[in-house]
Structure formats: structure tokens, C-alpha cells
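Notes for the one structure printed next.
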Amino acid sequence: MKALKMSKPPDDAIRDILRFSLEKKKVQAVFSLSKIEGNGYAYALISNKELLSNICPTFPLMPVNSAKMISRLTAVEAVKSPIAVVLRPCELRALFELVKLEQAKLDNLLFISFVCNGVFPIKAMKDGLDGKLEKYWENARIGQDFAELRESCRICESFVPDNADIVLMTGGSQNNDTSSVLMKTQKGEEFIEGINDQFVEEDRELKGLDNVRNRRAELKKTVFSDLKTEDFGIQGLARIFGRCINCHACSKACPICHCNLCHFEAAESESDPSTFEVDLNNRGALRLPTNTVFYHVGRLIHVTISCVGCGMCSDVCPTDIPVATVFTKIAERVQNSFSYVPGRNVEEKIPILTFERDELEELGE
Amino acid sequence: MMGKVIPLKENLNTTIKEILELLLEKECFDAVLVPVRVPSGESFAYLLMKDRRILQSCTPLPPIMPVQGARALRDLTRRGNSNLKVLCVMRPCEIRASIELAKLRQIRLENVSFLSFDCPGALRTKDYINSPEESDNQYQEIIATWESENFRSACNTCLHFSYEGLPADLHIHLTNMKEERMGITPLSDKGKESLSRIGIECNGDLSGWQTEVNEISRKRIANRDKAFSELRDKISGAEGFHDFFSDCINCHNCMRVCPICYCRQCFFDSSGEAKSEAEDYLAKIGAKGGIRFPGDMMLFHLGRMSHMALSCVSCGACEDGCPMEVPVSRAFAFVADEVQKMFDYVPGRNEEEPIPVQTYQEDELHQYEDAKGTG
């Protein structure tokens, strides 16, 4: 595979590539995580190459899942002239799911991604990452777990991007002062054509990463079994989601939940006073607001087939419910039963959007 | 203020529970809306209950306010008056928010009564979830001393913690808890009637208890003056405001936990606002060279402020619900205070009093015309 060897850290390498592409007018704008005024980080769409110094694509924070942002940019209409988008593998997978759900369009987007070493919980943006970044990159280099990262990242096995046009190697056996930029598609090659750097033949793409994947798979097993979804039922659901305050932050942060108005916020999910009266007579007591646990069941049904395990839901929960752990565990089973991998292939249909006459026979008629 | 002083039996919650039980037994009310500990034990949820046996599990005065009670009552009555006579056991700020929502036609108050209590404040929900037992002990002490550094910031500066100007039906006085007793007074005819029906005679004079309330008020006013003057410098101007909210990730959760923000779909979440044509975004970049995604962070907070500051009861739910722990409620309480003073309006005081933005006055706010030199 063709690769570009750049003797600089990944963020600098990406900045160089993007500067080159803006200068050569290969793209009209670039989209990347960026440092903003104050001490915050946010995604930004940038057309002025002077502002590229603020971007920090591999900085280990995910304030929002950027698939949601690309959906905002392209849902109404496809982009007309090229934009380079830098995002993490789970964000790219979520974006592919959104395309299948007709919430985004890929035309004229060029994707740059990287081997993802995980992100810190969003709260770290406030508390600061001073002193932690060095350890983060060192652990990434030697393939060690880092307990301070999002749990979703610590158990993620899909950290190598499948569908990006350009992929940067980070961590693994990589020295952090040099970057290998792999061109995975013809589009990627054309994009980089003309850049003044050294090209080499690269075949070490996955070296050192199998260990990381195996270690994460082991941790995932433990995390999933600690959750004890076996005794889910209504008791188990009440145990896990009982402290939910119905804020629906998990749905708003979820890249897959794309409804403008969630069913559970719509008028149709409200009850008349007479319904409350009947329910109260039957049960003796009613929780208000209603549908606290049911909302999560509804969301599980709607999103697990496409869930990419990004962990945004847990990060935004004001009552620290392990939403992402529940969702990724159930998602794994749902996705396995349809042999479906969300975000693998944009042409592949989401199973619930297709009809198969012969399937799921094990579930009975 | 005539009422009855009741010595505590076991503890405060059991004493209140007994009164609630009697109120149901004597059919003063058909059902009670009251907090109950959730099955896993580390939080509380509102339960509407009819069955007196289930009432045994309630915690009328929980240390936290995970869901603002007005949101629970809204769910029950958004589509019409309750057929059942319901007694809501709530903190003063929850009752006041309910009154505002009634004005905004999101709650219907017919058949609804309120039992309030002197509220020492609420602990931060996440702190409680992380150590429920320790927090429970801490709260016992707080009820006795009325002092804590672990309250929501909104509670430390709250002046509406007692019954004055509160449209409740029954009120429980808690400012003499050191002596293991509480007081109960009716605040309405309905309240008076239900107390007499359960055999509580209001022949004690509780006016003396006002001394403690005044004492606490003085401390709170001092806290408030200090907090607001610090904030004034910090949040002024576009830059100060921007820095104050710089950790905001635009999740809009402050709005969703806010009892006053009731729109099914916020303007800032509507498809027209959130999703534009790509070319529009590119045009927005313009001379700036770059735009933030998602955008409109400041506009969202300013928009929300202009919509709800008049009705803001400063309950602190916004801050409690913020995943980034942005001190949202401090900014909102500060602005609400200024705006409400401007219109001499106190949210939740009286259902009949219209919200100033819903009324038209030909002669008002001349001072702002003068300030601009256009008067």
C-alpha cells in the first residue's frame, strides 16, 4: 500500500495535508476538531488556512459525535464542492449509518481518519488534561489500557478506520514523532498527489494492533458480564434505569437517534387524565413523568442495530447511568444475530429496513 | 400564623408520612404525588400514589431534587384537569414552577393541592448518587442546622425557601428541628379544612418561628449579594458571556431539565435551524474563515434566557443536569433577578398574575428609552 512518511506527529501531519489541499484548492473547506477560544474544544468548518493552526484532530476528546455535525451539514443537500473531513473511526461508522437512514450525504466529502486510541470523558475538557496527555500517548504507543478513558473506548475493537480515504497510523508501534499516512482509495491518492513529501511502500498497517484488539476484547467480556443483563426483566431495567430523570440527553447526544421529535416527547405519548386514573386504580401507584424505563426500551429497539459504541450517551448522562455499556452489550447481540456491522459498508442495508422472507427462524413463527 | 407544633415521631419523614396517610384515609385527597427512593437506592422519583401501603415507602423530603416536581405534575395534567384530587408534596421552587406552568397552560391546577415545607436546599444529584448513605447523614444535619457547602449553588442564594408568598395549601415548618419538632399551618381554606378533617387543630401560634426564617433569609441575602456581584463582572459583555459558557457542548440538557422550558421542540433543535443547506454553512464562514459546529451556542443561551428568565424560579435543575457542570443556574438566577425586579414580578406567587411578556402596557420601561436617549 502506498504511504506517505512524514517526520512529524499526526496532528502536524494532518495540518500539513490540509494546508496543502486548501492551497491547491483541492477542497473548499476542512472539518476537524479544533481548539476554540477559552479552554474548550469543538468541531469547526474552516476555509481559511491560517486557522488550521487551531485544529487538533487526534486530541483525545469528543465533545459531540461529529457524524451528527456532518448530518447537519449535508442532510438537506449534498455538498457541491469538496470538503475534507477528519474524524474518528466510530464517527465515520455512525455517519455511514446516518447515510443509510437518509440523514446525510457523502458526495464531495473526503474522509481522513486515524487509528483511534480512545478519548477521555467529556468532563475532562473542563477539568483539563494537563499531565495526562503524555501518559495517553505513551500508553497508546506501547498498547496499554488507560483506565481514565471512556469505558466505550477501552472496550472498542473497531479502532482502525475501514472506510476512510486516508488513514493515519497513530499509537501502536509508531513513534509519535513520525506519521505514516496511508492512501486507502484512489480519491485519497489524488487528494495527496503533488504534496512535497516522501512516499514509501507500507505494509505494516496492522502490526502491533492485534494485541490491543485482544486486550480490549478481554476487557469487554468482563465489562459486559459485570452488567448482568441476564436478569434484565422489569426488575433489572428498574435497577439500571431507575434513577433516570427523563432528560433524554442520551438520545440527543446519540449519533444514530436522528428524529427531530422523539416519540417520547411527542403529544402522542402523553396520556389523558382519565388514563392516569384507570392506571392508578389498577396499580396503586404511578411514576411521573411516565415512560422512564419504557423510553430506554424504545431507544434500544430503534438504535441498537446501528449503535457504533461511541459512548456519548454515558458521557452526557447527568445521573451516571452506564447507558453505553447497556447499549453496546445489547447491540453486539442484535448485530451478531443479523451478521450486521454498522458502518462497514454504506451500500449495505440496515436489517430493519429490509424484508427477508427466511430469517430468524430460531425465534419461532 | 396559627398552626400546630408536632413533636417528631422517629424522624421527620415518618412524621410527615403519618399526616399524608391520614389525609388519604379521611379522603381529603384521592392521591398523593410524593418522592420515593428508586429500587437501586441511590436516587428518588416522583410517584403518584393512591394505595396507603405504598405510601409507606415515600420520602417526603429527599436530600436531592433529581426531577423538578413541576415536570412530574405537567405530565399528569398537560392534557386536562386531573379527575382525582391530588396533593403534591413539593419544595417551594417546584410549586412556584408549577404555578408558572399553569400560566403557560402546561399544567392545570383544578383538583391539585400543594403541601410545601421550609426547604433547607437540595444536594447535587451526582454527589448523592455517588454516596447515598453519607449524603443522607449529611442531610439530617443540614435540616437541623440549615448550613451546608454541598447544596446546589441555586439553593445557597434562594430567598423563597419558606411559605411567604407561596400559593400552597399546607406548609410544614422546619426551622426548629433542633428541638425535634415541626410545625404545620394551613395556607388556604382547603388546607384548613383538610387539617380539621384529620383532627389537627390549629390553635398554636407559630409567629415566633418567623425569627429563624428571618435569620436564614439574612444569610441567604448576603450569599446572594456576594454571588451576584462576583458574577456581574464575570459575565458582562459578549466576551464574558462567551467565556462563562465556553465548556458548553450544545447538548441543550439545561433546557430539557428546566421546568419552565416546556416547548416540545426548541427552536434551536428544529430542523430549519439545526440543518441548513451546505452552501449556507459555507457562506456563514465568510470573513471569519471558520465556524464552530454545532453553532449558535451563545444564541441558544441568550434565546433561552429571554424566553424564561421572567418565570425562572432558580431551582438549579439546569446546572444539576449539565454534563459539563457549567454553572448555568448562577447566570440564569442573576439575570432572572434583574429582569423580575424590572417588572416587579415574582414567578409563582399567584396564578392570576399574568406573566409580563404576555401582557401589554402602554406606559412602562421608559427608563430604557431614556438610557438610549430616545425617550
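Numbers restart at 1 for each chain; the letters A, B, ... are given by sequence-line order, proteins then strands.
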B:R79 to A:E270 - nearest heavy-atom pair and separation: NH1-O, 3.0 Å

Contacting region of A:L73 [heavy-atom separation from chain B under 4.5 Å]: both

B:I249 and A:V316, any side-chain heavy atoms less than 4.5 Å apart: yes

More than 12 heavy atoms of other groups within 6.0 Å of B:E110 CD: no

B:D75 side chain to A:L288 backbone, donor-acceptor under 3.5 Å: no

Chain A contact via B:P66 - side chain, backbone, both or neither, heavy atoms under 4.5 Å: both

Chain B contact via A:V79 - side chain, backbone, both or neither, heavy atoms under 4.5 Å: both

Distance (rounded to the nearest 0.5 Å) between B:M324 CE and A:I122 CD1: 5.5 Å

Pick from A:A253, A:P121, A:A78, A:G242 with the largest number of heavy-atom pairs that fall under 4.5 Å of chain B: A:G242

Selection from B:V257, B:D51, B:V38, B:L48 maximising heavy-atom pairs under 4.5 Å formed with chain A: B:L48

Other residues, nucleotides, ligands: >12 heavy atoms within 6.0 Å of B:E27 CD: no

For chain B, the option from A:N54, A:V30, A:N48, A:I240 that forms the most heavy-atom pairs under 4.5 Å: A:N48

Structural part of A:C262 lying under 4.5 Å from a heavy atom of chain B: neither

Among A:L286, A:I46, A:N281, residue most engaged with chain B (heavy-atom pairs, under 4.5 Å): A:L286

Under 4.5 Å from any heavy atom of chain B - which part of A:A266: backbone

Residue among A:A238, A:S66, A:A267, A:S81 with most heavy-atom pairs under 4.5 Å to chain B: A:A267

Residue part contacting chain B, namely of A:D127, when any heavy atom lies under 4.5 Å: neither

Max heavy-atom pair count under 4.5 Å with chain A, selected residue of B:T125, B:L282, B:V326: B:L282

Portion of B:D320 that has a non-hydrogen atom of chain A nearer than 4.5 angstrom: backbone

Pair B:N253, A:K252: side-chain N/O donor-acceptor within cut-off below 3.5 Å: no

Contacting moiety of A:A29, where chain B heavy atoms sit under 4.5 Å: side chain

Heavy-atom side-chain proximity of B:V67 to A:P289 below 4.5 angstrom: yes

Toward chain B, the part of A:Q235 with a non-hydrogen atom under 4.5 Å: neither

Contacting moiety of B:L55, where chain A heavy atoms sit under 4.5 Å: neither

Engaged part of B:I291 at the chain A interface, taking heavy atoms whose separation is under 4.5 Å: both

Pairwise side-chain contact, B:P294 with A:M69, heavy-atom cut-off 4.5 Å (strictly under): yes

Structural part of B:S82 lying under 4.5 Å from a heavy atom of chain A: backbone

Engaged part of B:K284 at the chain A interface, taking heavy atoms whose separation is under 4.5 Å: neither

Within 6.0 angstrom of B:E279 CD, more than 12 heavy atoms from elsewhere: yes

Which atom of B:G80 lies closest to which atom of A:P273, heavy atoms considered: O-CG, 3.4 Å

When B:G290, B:G289, B:C322 are compared by non-hydrogen pairs under 4.5 Å with chain A, the top option: B:G289

Segment of A:T292 engaging chain B (4.5 angstrom heavy-atom cut-off): neither

Interface moiety of B:L84 toward chain A, non-hydrogen atoms closer than 4.5 Å: side chain

Carboxylate-amine/guanidinium proximity below 4.0 Å for B:R264 and A:E265: no

Residues, nucleotides or ligands: over 12 heavy atoms within 6.0 Å of B:E134 CD: no

Flag if over 12 foreign heavy atoms under 6.0 Å of CD, A:E102: no

Chain A contact via B:A31 - which portion, at a heavy-atom distance below 4.5 Å: side chain

Nearest heavy atoms of B:Q265 and A:N260, plus distance in Å: NE2-O, 2.7 Å

Proximity breakdown for B:D30 and chain A, heavy-atom pairs closer than 4.5 Å: neither

B:R256 (side chain) donor-acceptor with A:C247 (main chain) under 3.5 angstrom: yes

Among B:T77, B:L76, B:D269, residue most engaged with chain A (heavy-atom pairs, under 4.5 Å): B:L76

A:R243 side-chain N/O to B:E42 backbone N/O, donor-acceptor pair under 3.5 Å: no

Heavy-atom neighbours of B:K85 NZ exceed 12 at 6.0 Å: yes

From NZ (B:K126) to NZ (A:K123), nearest 0.5 Å: 6.5 Å

Backbone of A:L45 reached by a side-chain donor or acceptor of B:R292 within 3.5 Å: no

Option that, when pairs with chain B are counted at under 4.5 Å, heavy atom only, ranks first among A:K68, A:E77, A:K49: A:E77

Euclidean distance, A:I321 CD1 relative to B:S43 OG, rounded to 0.5 Å: 8.5 Å

Contacting region of A:I83 [heavy-atom separation from chain B under 4.5 Å]: side chain

Nearest atoms (heavy-atom pairs only) where A:R72 meets B:Y281: O-CE1, 3.3 Å

Short side-chain to backbone donor-acceptor contact, B:R71 and A:N246, under 3.5 Å: yes

Interface moiety of A:T74 toward chain B, non-hydrogen atoms closer than 4.5 Å: neither

Ion pair check, A:K126 and B:E325, cut-off under 4.0 Å: no

Engaged part of B:I54 at the chain A interface, taking heavy atoms whose separation is under 4.5 Å: side chain

Portion of A:A75 that has a non-hydrogen atom of chain B nearer than 4.5 angstrom: side chain

